K.L.:
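Got a structure for you, questions after.
A quick note: this is a predicted structure, and the numbers were derived from the prediction, not measured.
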Amino acid sequence: MDAYTTANVLTRMPIFQGLDAETLYLLSRGAKELMVSKGERVFQKGDRAHGFYFVMEGKVKLAFISSRGTEKVVEIVHQNRSFGESVILADGIWPYYSQALTDSRLLHVSSSAFLEVVSSDRKAADMLLRNMARRLSQLFSDMEAFCLLTSRERVVGYLLREIEQKRGRGDDDMVVELPDTKANTASLLNLTPETFSRVIHTLEREEIVSVSRRKVIVLDLPRLQRGGGC
């Protein structure tokens, strides 16, 4: 991509919205497009982080594997979302690995360009802090869900959050498309794949949702918002 196209992509990132053309041009010089095939690792846990990523197309999984070989999905990053900003502000070592769930197109923004802009532009720094605060809040919500909520409540909460995020992107349909496998979504919710499937099929029998392969269609949003009750 040329600098003009890259600058337009950068304006889709919340932390860079409203920046002047000169600042966007500086960022674009430190950005490059990456094509990643389904299943390909973007980076490994323990690698040095040289920048952060923005998902232009596709889906990317952030996860780590325990000493027993169990995978824990930390986040599934959708189109028009970024990841890794906090890592390059910390020690610069990836604490998880990243893998494309579909053929994906990413924009990599270098650490040097990013840090130069954040250190010199108050608005960019403020937006970065808001973005990090939002993710920290989501992390605490996830911890609460893992410790206190039932499996049904976790699945319902996930579906509602996905619908809300789609609406934020201007998409009003009631379809939640799951990642490449149900196991990834189950891991994200700290559930076994069997438990996740059982909850989804229970909601389907109750005619709150319908399921078509990897798509969950919400049929009765008010009931789902009440926790799937009557």
Side-chain angles (χ1 to χ4, degrees), residues 12-15 17 38 54-64 70-83 96 98-104 130-230:
R12 288 155 53 186
M13 302 187 198
I15 60 174
Q17 289 177 357
K38 179 180 178 180
F54 178 73
V55 181
M56 294 187 285
E57 295 176 5
K59 290 181 184 179
V60 174
K61 173 177 69 177
L62 310 180
F64 54 83
T70 303
E71 181 185 67
K72 176 65 181 79
V73 177
V74 178
E75 185 177 0
I76 295 174
V77 187
H78 296 262
Q79 183 176 336
N80 290 332
R81 298 284 181 176
S82 59
F83 60 95
Y96 41 70
S98 173
Q99 183 180 37
L101 295 178
T102 64
D103 290 343
S104 301
R130 291 180 189 178
N131 189 50
M132 292 177 65
R134 177 185 60 80
R135 291 192 172 180
L136 183 61
S137 177
Q138 184 60 55
L139 175 63
F140 279 110
S141 295
D142 290 343
M143 290 176 63
E144 177 189 28
F146 298 158
C147 297
L148 302 176
L149 300 185
T150 65
S151 56
R152 182 185 177 106
E153 288 170 333
R154 294 183 215 176
V155 174
V156 168
Y158 168 77
L159 295 175
L160 290 173
R161 189 163 63 247
E162 290 294 303
I163 291 294
E164 182 180 353
Q165 289 179 357
K166 289 186 71 174
R167 285 180 168 178
R169 299 192 296 267
D171 187 347
D172 292 328
D173 72 25
M174 293 288 108
V175 179
V176 175
E177 188 167 348
L178 302 178
D180 57 338
T181 66
K182 289 182 180 179
N184 280 324
T185 306
S187 177
L188 183 66
L189 302 176
N190 206 33
L191 298 172
T192 64
E194 294 77 14
T195 299
F196 178 77
S197 293
R198 184 168 62 250
V199 173
I200 286 292
H201 290 313
T202 298
L203 293 172
E204 186 176 28
R205 286 197 302 273
E206 295 171 358
E207 298 183 346
I208 298 172
V209 305
S210 65
V211 181
S212 176
R213 296 186 179 180
R214 292 191 296 107
K215 293 182 178 180
V216 179
I217 301 95
V218 177
L219 303 176
D220 194 332
L221 183 59
R223 285 180 66 196
L224 189 68
Q225 290 171 327
R226 293 194 297 271
C230 298

K.L.:
To the nearest 0.5 Å, what is the distance between CD (Gln165) and CG (Asn80)?
P.N.:
12.0 Å
K.L.:
Tell me the closest heavy-atom pair linking Ile163 and Val175, and the distance in Å.
P.N.:
CD1-N, 4.1 Å
K.L.:
What I'd like to find out is whether the side chain of Leu160 reaches to under 4.5 Å of the side chain of Gln225, using heavy atoms alone.
P.N.:
yes
K.L.:
Between Glu204 and Val216, is any pair of side-chain heavy atoms under 4.5 Å apart?
P.N.:
no
K.L.:
For Thr102 and Lys59, indicate whether the former's side chain and the latter's backbone hold a donor-acceptor pair under 3.5 Å.
P.N.:
yes
K.L.:
Rounded to the nearest 0.5 Å, what separates atom NZ in Lys182 from atom CD in Glu194?
P.N.:
11.0 Å
K.L.:
Could you tell me whether the side chain of Val74 reaches within less than 4.5 Å of the side chain of Phe83, counting heavy atoms only?
P.N.:
no
K.L.:
Sub-3.5 Å donor-acceptor pair from the side chain of Thr202 to the main-chain atoms of Arg198, do we have one?
P.N.:
yes
K.L.:
Donor-acceptor pair, distance only, cut-off 3.5 Å: does the side chain of Ser98 make one with the backbone of Val60?
P.N.:
no
K.L.:
Could Glu206 and Arg226 be called an ion pair, given the rule that one side-chain N must be under 4.0 Å from one carboxylate O?
P.N.:
no
K.L.:
Using ring pair (Phe, Tyr, Trp, His ring centres under 6.0 Å) as the criterion, list what pairs up with Tyr158, not counting sequence neighbours.
P.N.:
none
K.L.:
Quick check for you: to the nearest 0.5 Å, what is the distance between Met174 atom CE and Asp220 atom CG?
P.N.:
11.5 Å
K.L.:
Quick check: does any side chain N or O of Glu162 sit under 3.5 Å from a backbone N or O of Val176, one acting as donor and the other as acceptor?
P.N.:
no
K.L.:
Can you check whether Glu71 reaches Asn184 side chain to side chain, under 4.5 Å on heavy atoms?
P.N.:
yes
K.L.:
Say you draw a straight line from NZ of Lys38 to CD of Gln99; how long is it, rounded to the nearest 0.5 Å?
P.N.:
10.0 Å
K.L.:
Within a radius of less than 6.0 Å around CZ of Arg130, do more than 12 heavy atoms belonging to other residues, nucleotides or ligands occur?
P.N.:
no
K.L.:
State, yes or no, whether a side-chain contact exists between Phe54 and Arg12 at a heavy-atom distance under 4.5 Å.
P.N.:
yes
K.L.:
Decide yes or no for Leu191 and Val155: does some side-chain heavy atom of the first lie under 4.5 Å from some side-chain heavy atom of the second?
P.N.:
yes
K.L.:
Are any side-chain N or O atoms of Thr150 and backbone N or O atoms of Glu153, one a donor and one an acceptor, separated by less than 3.5 Å?
P.N.:
yes
K.L.:
Under a 3.5 Å distance rule, please check whether Arg154 uses its side chain to pair with a backbone N or O of Leu149 as donor and acceptor.
P.N.:
yes
K.L.:
Please check if the number of heavy atoms outside Lys72 that lie under 6.0 Å from its NZ is greater than 12.
P.N.:
yes
K.L.:
Hey, could you give me the CG/CD distance between Leu219 and Glu207, rounded to the nearest 0.5 Å?
P.N.:
8.0 Å
K.L.:
Between atom CD1 of Ile200 and atom CG of Leu159, what is the distance when rounded to the nearest 0.5 Å?
P.N.:
5.0 Å
K.L.:
Looking only at heavy atoms, which two atoms of Leu178 and Arg214 are closest? And how far apart?
P.N.:
O-NH1, 2.6 Å
